[in-house]
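Numbers restart at 1 for each chain; the letters A, B, ... are given by sequence-line order, proteins then strands. Side chains included, hydrogens not; waters and symmetry mates left out as well; all remaining heavy atoms used.
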There are 2 protein chains.
Amino acid sequence: MGKGVETRERLLDIAETAILQKGFGGTSIEELIAEVGITKSGFFYHFRDKNQLAHTLLQRHLERDEAILNNIFGRARDLTDDPLHTLLVGLKLMAEMMADLPDGHPGCLVTTYCYNERLFDQELRNLNRQGVEAWRIRFRGMIDDINARYPPREDIDPDQLADMVSTVIEGGIVISKVLRDPALLPQQILLLRSYIRLLYSPGREFDS
Amino acid sequence: MGKGVETRERLLDIAETAILQKGFGGTSIEELIAEVGITKSGFFYHFRDKNQLAHTLLQRHLERDEAILNNIFGRARDLTDDPLHTLLVGLKLMAEMMADLPDGHPGCLVTTYCYNERLFDQELRNLNRQGVEAWRIRFRGMIDDINARYPPREDIDPDQLADMVSTVIEGGIVISKVLRDPALLPQQILLLRSYIRLLYSPGREFDS
DNA sequence: GCAAATCTGTACCGCGGGTACAGTTGTCGA
DNA sequence: TCGACAACTGTACCCGCGGTACAGATTTGC
């Protein structure tokens, strides 16, 4: 890794932490360069402006996030062939991962950007949306596989159920942070898991 | 309503909208006074500084929120004496209210403040937490009433289930906004409702 | 008609985002 | 060993914004 790339990554790390704690408008370039130990000119060598920093940051975040999800549900698929079990195991692994974060989840850029939307251009808002759409597609695929084998106890729209994963994670992060209770996020993921298990549990399948 | 109170309320309205779209640090006093039509001196007559504006805003938000929830679940209680029905009807009413918002939900200050926490003092962060704790207490009470009459199909911690309401609402607002789909938030609330119905549905109550 | 509430006007400070551009330092291959 | 390029530093400047400090004007209510 070259020296430039390293500085750039450190800049991105510090910027991400700061933005999650103070929002985009509340984060100054000056504080970032002070922490990295470069000058303002150095910052503008790496990024055209603050907006491009935001763009790069979100892109990196979404890529990492996808890699993590691929890892989790890849491991889940290694453990079982059953699509329902795969999702349930995956959610369990996800909850365990969240529970292992020592200081709790630091926050998600998607939510921060959502509540800073008017500071960004259309392109960045679209990138954020595509990130959430990718989650929907991922979980929608898994739910389709489950529905193909198990009859749900209620007639639920698969897109809505897929979006519920994103909803519980983003909401869980917020409530967990506000209450300063790191355990809350994994608990909420396990409640979602409980819902899915109940939804596909056998018994009284054909009651109207 | 006096002239001063009216100006103050308009200032708060405009500030709330701006902060939900641009975050606290991204919202300038200058833009607020420009829209209200007063001078900077006028602003500082009403609020000591930006921080006090944030405080007043959150307090107002939490009070209004409590009034709305009282109204919704009050109406639900008028319709039925059964605690499970009350919660299910209340969630239905809440979903309908969210669906009736023409431009979708504008966002929740609790989440914005959560992702701007380092811009605020301890007192404001505590106020935010107390708001979420009030939600927990409210829903925890309703869940206790349900548990006293119905055996849940799974052994769920009542506090966690209560927090799931907050989680789904805050998360639903975020995902709804990012995807620009106002229908998503009410749908997610109805999924939560579906979970609670399944959790307390009769049949196979005593399977281990 | 007087006091208090509700502002306006003016002047000022320092920080932060951003622009512009010239100069410096280290690395690496020909 | 030299030169090109990456990765910066240094300096100077502009303007918007948060905030301070007042003094003065206008409106409202009793």
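The interatomic distance linking Tyr45(A) (OH) with dA20(C) (C1') rounds to 17 Å, in whole Å. To the nearest angstrom, P of dT28(D) lies 11 Å from CD of Glu6(B). Between Leu119(A) atom CG and dG17(C) atom C1' there is a gap of 13 Å when expressed in whole angstrom units. One atom, CD1 of Ile33(B), and another, P of dT8(C), lie 9 Å apart when rounded to the nearest Å. As a whole-Å value, the separation of Leu11(B) CG from dC7(C) C1' is 13 Å. Regarding Phe44(B), its CZ atom lies at a distance of 22 Å from the P atom of dG24(D), rounded to whole Å. Look at NZ on Lys40(B): it is 14 Å from C1' on dT8(C), rounded to the nearest Å. Put simply, CG on Leu53(B) is 10 Å from P on dG19(D), counting in whole angstrom units.
Taking a 6.0 Å sphere around CG of Asp155(B), one finds it holds 12 or fewer heavy atoms contributed by other residues, nucleotides or ligands. In Asp81(B), the CG atom is not crowded: 12 or fewer heavy atoms of neighbouring residues, nucleotides or ligands sit closer than 6.0 Å. The local environment of CD in Glu35(B) is sparse, with at most 12 non-hydrogen atoms from other residues, nucleotides or ligands closer than 6.0 Å.
Nearest to the side-chain atoms of Thr39(B) among the listed nucleotides dT9(D), dG18(D), dG9(C) stands dG9(C). Among the nucleotides dC17(D), dT10(C), dT20(D), the one closest to the side chain of Ser28(B) is dC17(D). Among the nucleotides dG18(C), dG18(D), dT8(C), the one closest to the side chain of Ser41(B) is dT8(C). Minimum atom distance to the side chain of Ile38(A) is reached by dC8(D), of the listed dC8(D), dC7(C), dG19(D).
Residue order along DNA chain C, read from the 5' end via each residue's closest nucleotide, puts Gly37(B) first among Gly37(B) and Glu31(A).
Regarding contacts with the backbone of dC7(C), a side-chain N or O of Thr7(B) is found under 4.0 angstrom from either OP1 or OP2. Close to dA7(D), at under 4.0 Å from its OP1 or OP2, lies no side-chain N or O of His46(A).
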(Q) Please evaluate residues Tyr115(A) and Tyr115(B) with respect to the criterion ring-ring contact (aromatic ring centres under 6.0 Å, His included), reporting the C-alpha separation (whole Å), side-chain torsions for both, the decisive distance (0.1 Å), and the verdict. (A) CA-CA 9 Å; Tyr115(A) 277 95; Tyr115(B) 277 96; 7.9 Å; no
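Counting heavy atoms from C-beta on, the side chains of Thr111(A) and Lys177(B) never come closer than 4.5 Å.
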